Amino acid sequence: MDLKDAFEMAADALGTILFDEKKLPKMTDPAELKIEEPGAFVALVSTSLTKTVASFEKI
């Protein structure tokens, strides 16, 4: 697995989590996040709920 795979998995997970939400949460400002692990970083993850719905319809 590489970073590209990790981002794709994060987008899929985010879509699954948000799938049943009636009101979407406000995005966290990345500047407000505290990073304590050396070498760690913050990355924005986006998802397509349309794509998520389509993947659930296949099941």
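The shown structure was predicted, so the numbers you read here are calculated from the model rather than taken from an experiment. All residue numbers in this chain count up from 1 along the given sequence. Side chains included, hydrogens not; waters and symmetry mates left out as well; all remaining heavy atoms used.
Side-chain heavy atoms closer than 4.5 Å link hydrophobic residues (I, L, V, M, F, W, Y) into clusters, and following such links, even through other members, never connects Val45 to Val42. The cluster map of Ile, Leu, Val, Met, Phe, Trp and Tyr, joined by side-chain heavy atoms under 4.5 Å apart, puts Met9 and Leu18 in different clusters. A continuous path of hydrophobic side-chain contacts links Leu14 to Leu3 [ILVMFWY only; heavy atoms under 4.5 Å].
In this structure, the side chains of Asp2 and Asp5 come closer than 4.5 Å at one or more pairs of heavy atoms. Side-chain contact check for Phe19 versus Leu49: every heavy-atom pair is 4.5 Å or farther apart.
Between Leu44 and Pro30, the shortest heavy-atom distance links the atoms CD2-CG, 3.5 Å. For the residue pair Ala11 and Ser46, the shortest heavy atom distance occurs at CB-O, 3.2 Å.
Of the options Thr16, Asp12, Thr52, Ile17, a side-chain contact (heavy atoms from CB on, under 4.5 Å) to Thr47 is made by Thr52 and by none of the others.
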